[in-house]
Amino acid sequence: MYLRLASRFLFETDKRLLAKAVWTLGVKGLLSVHKHKRRLKRGEFFPPFLYMSVINSCNLRCQGCWVDVSAKQHKIELDAANETIRQAKAMGNSFFGILGGEPFMHKDLLEIFEQNRDVYFQVFTNGHFITDDVASRLKECGNVTPLISVEGTEIISDERRGRGGVYNQTMKGLETALKHNLLVGVCTSVCKTNIDDLVNDAWVDRLIEMGVMYCWFHIYRPVGPEPNPQLALSSEEQKRVRQFVVDTRATKPIIVIDAYHDDAGNALCPAATGFTHHIGPKGDIEPCPVIQLATESIHDDRPLAETFNNSAFLKDFRELTAQHTRGCVIMERPDLLVELAEKHGARDTTIRNEVMRELDHVTPRRSQFQPGDEIPERSFVYRWAKKYAFNDFGTYTRHFDVSNYRDPDKDAPAGASHSAGADNVKVVQLQVNRTDES
């Protein structure tokens, strides 16, 4: 498998783009993690990887979206984005995740890439704005990998995305990116309606055949103004996804991203461990993209290094979360976020100003933390990489107390099921299929 993967990278990719990725993402990325470890030993903090949601606008209306995509547009302007990246680079960072809304709706997005060619960007996109011109400019930059979201087969994807024709437009963008020999990934928010279609060997084989170099399966999180909890996976289904990821890594010539487990299969949260934090479209510094609470901003009149190092809110978030769970706090313990926000006077960073009410209405459910059912990595390459560059950095060793953990599955009311609503989803699917057939 490793020889086949190496062969794919050597013969199916643009060598200049591959070299750029190996240097900026690989070598410099590992160095940024090394610097992060050294900072932690000195009692200092700055996340080695930043997510930036550069704009809230989007052309789609997806189920479960937490972003105010239809509200007044907010975006991180070019100068502010460049200054944020400059200050992060000064701390050793070399890798940035770019989100939205839809990032390519930001008119200066390509200029951000072009003016920061010494770092690497991963763009989370629906692919609809990847034209030949855009793909050509991305190839010229050499420091961008589009991560294109595919949410199911044509019927399911269009249902998830809010209108017809979305799947075909997404696949057209994917094909355009591949035609220009970009390093391309495909991600899926795995939920009830797409798990059978996309979490299987046939889909991965199709991606490999198309020329996709990596994929990312992350579990659906029922959050935001319309959480659609009926789409959320049960504990058994989440374990199924984890097992599939582990097996695929050991058997298929494609890289599989995983942000929720260490080498031994222990659950972790990248925000709780301090590996990453998030900057919203208005410049708010949040724990992660789905936790829309903040006390600081990139627009504050102090250096970013000082902001991250001295933020009592972010420090308390990391410690409080790690004390109670190794999983996703917004899924398992939304009450802790309410407590944290009230303690620090954290502001709601959304335009709708409904986050506290939304947290109050979240029904706790298990996330990636599946105590006693950990699935370790089969691949020695992934085991090594995670041991060095993606682990808890001692966070759970210092803070996690299993006696604080509340198992949502065990605490659920008698007769209740977190997979409830699946039958309703099947009804929706059946209705969609019938409409299509007619």
Side-chain angles (χ1 to χ4, degrees), residues 8 12-14 17-18 20-21 51-65 67 69 75 96-114 120-190 194 197-198 203-218 254-257 289:
R8 289 196 64 212
E12 296 181 22
T13 61
D14 181 282
L17 270 59
L18 178 61
K20 187 84 170 181
Y51 284 112
M52 296 175 61
S53 288
V54 294
I55 193 169
N56 66 295
S57 302
C58 185
N59 60 315
L60 301 180
R61 301 292 181 267
C62 301
Q63 294 174 324
C65 183
V67 183
V69 293
K75 62 182 179 180
F96 299 83
I98 304 298
L99 304 87
E102 168 51 48
F104 282 103
M105 290 184 71
H106 193 301
K107 65 181 180 63
D108 296 319
L109 184 65
L110 296 178
E111 290 189 53
I112 294 173
F113 301 151
E114 290 168 348
Y120 207 79
F121 298 95
Q122 181 183 54
V123 187
F124 295 71
T125 175
N126 58 45
H128 291 193
F129 297 90
I130 302 181
T131 62
D132 283 314
D133 180 61
V134 168
S136 179
R137 289 183 66 180
L138 293 178
K139 184 175 182 179
E140 175 61 27
C141 288
N143 62 337
V144 183
T145 173
L147 180 60
I148 299 174
S149 177
V150 178
E151 297 303 320
T153 58
E154 182 174 355
I155 294 173
I156 297 303
S157 184
D158 289 355
E159 175 71 15
R160 283 285 315 277
R161 297 296 206 167
R163 64 175 173 82
V166 172
Y167 175 83
N168 290 332
Q169 286 181 269
T170 294
M171 296 307 290
K172 182 179 179 181
L174 174 60
E175 291 164 0
T176 300
L178 291 168
K179 181 178 68 175
H180 286 264
N181 290 323
L182 299 177
L183 293 176
V184 180
V186 167
C187 68
T188 299
S189 177
V190 184
N194 63 24
D197 291 324
L198 300 187
W203 172 244
V204 174
D205 288 341
R206 182 183 176 192
L207 295 179
I208 294 170
E209 183 180 357
M210 291 179 67
V212 174
M213 300 308 296
Y214 69 98
C215 57
W216 188 348
F217 296 93
H218 54 91
I254 188 171
I255 293 174
V256 186
I257 305 295

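In what follows, every heavy atom counts, from backbone to side chain, and hydrogens, waters and symmetry copies are set aside.
- The aromatic ring centres of F217 and W203 sit 6.0 Å or more apart.
- Among residues two or more places apart in sequence or in another chain, the salt bridge (charged side-chain N to carboxylate O under 4.0 Å, His left out) test is passed with R161 by none.
- Between atom CD of residue Q122 and atom OH of residue Y51 there is a gap of 7.0 Å, rounded to the nearest 0.5 Å.
- Applying the salt bridge (charged side-chain N to carboxylate O under 4.0 Å, His left out) test to E12 and every residue at least two apart in sequence or in another chain returns R8.
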Note to self: Go through it in stages, so that I can follow the logic: the residues are N126 and V166, the test is side-chain contact (heavy atoms from CB on, under 4.5 Å), and I'd like the CA-CA distance, side-chain angles, deciding distance and then a yes or no.
What the structure shows: CA-CA 9 Å; N126 58 45; V166 172; 5.9 Å; no
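- Take R206 and apply the salt bridge (charged side-chain N to carboxylate O under 4.0 Å, His left out) test, not counting sequence neighbours, and it matches no residue.
- Using modelled atom types and a 3.5 Å distance limit, the side chains of T125 and E102 yield a donor-acceptor pair.
- When all heavy atoms of N181 and D14 are compared, the closest pair comes out as O-CB, 3.9 Å.
- Here L178 contributes atom CG and M171 contributes atom CE; the two are 9.0 Å apart, rounded to the nearest 0.5 Å.
- Of all the heavy atoms in L182 and A135, the pair that sits closest is CD2-O, 4.0 Å.
- What you find for G97 and L99 is that their closest heavy atoms are O-CD1, 3.7 Å.
- At a threshold of 4.5 Å between non-hydrogen side-chain atoms, the residues R137 and E114 count as touching.
- Applying the side-chain hydrogen bond (donor to acceptor under 3.5 Å, both in side chains) rule to S189 yields no partners; only residues at least two apart in sequence or on another chain are considered.
- With values rounded to the nearest 0.5 angstrom, Y120 atom OH is found 11.0 Å from F113 atom CZ.
- N59 is listed as a side-chain neighbour of R163, based on a closest heavy-atom distance under 4.5 Å.
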Checklist line | Residues I98, M52; criterion side-chain contact (heavy atoms from CB on, under 4.5 Å); working and verdict | finding: CA-CA 5 Å; I98 304 298; M52 296 175 61; 4.2 Å; yes
Show me the side-chain donor-acceptor pairs of residues 105-112 shorter than 3.5 Å, one per line, residues at least two apart or across chains.
| from | atom 1 | to | atom 2 | distance (Å) |
| --- | --- | --- | --- | --- |
| H106 | ND1 | D108 | N | 3.1 |
| H106 | NE2 | I76 | O | 2.7 |

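- Side chain of T170 to backbone of V150: no donor-acceptor contact under 3.5 angstrom is found.
- Side-chain atoms of V67 and S53, non-hydrogen and from C-beta on, never get closer than 4.5 Å to each other.
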Item checked: Step-by-step side-chain contact (heavy atoms from CB on, under 4.5 Å) determination, I130 to I148 -> CA-CA 10 Å; I130 302 181; I148 299 174; 3.9 Å; yes
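- Considering all non-hydrogen atoms of both residues, R160 and N194 come closest at NH1-ND2, 3.4 Å.
- Listed here is the closest heavy atom pair of T145 and G185: OG1-N, 4.3 Å.
- When all heavy atoms of L174 and V212 are compared, the pair lying nearest together is CD1-CG2, 4.1 Å.
- A donor-acceptor pair is defined here as one N or O able to donate and one able to accept, closer than 3.5 Å; such a pair exists between the side chain of D158 and the backbone of Y167.
- Contact of the E154 side chain with the N168 side chain is registered, since non-hydrogen atoms from C-beta on lie closer than 4.5 Å.
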Margin query: Quick one, V144 with V123, criterion side-chain contact (heavy atoms from CB on, under 4.5 Å). Give me CA distance, side-chain angles, the key distance, then yes/no.
Written below: CA-CA 7 Å; V144 183; V123 187; 3.6 Å; yes
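- F104 CZ to S57 OG: the interatomic distance, rounded to the nearest 0.5 Å, is 15.5 Å.
- Taking CD of E151 as the reference point, atom CG of L198 lies at 8.0 Å (rounded to 0.5 Å).
- N56 places no side-chain N or O within donor-acceptor distance of the main-chain N or O of G101, the cut-off being under 3.5 Å.
- Not a single donor-acceptor pair under 3.5 Å links the side chain of S136 to the backbone N or O of D132.
- Remark: F96 engages F121 in a ring pair (Phe, Tyr, Trp, His ring centres under 6.0 Å) (not counting sequence neighbours).
- No side-chain heavy atom of M210 sits under 4.5 Å from any side-chain heavy atom of V186.
- Annotation: the span from H218 atom NE2 to T188 atom OG1 amounts to 7.0 Å, rounded to 0.5 Å.
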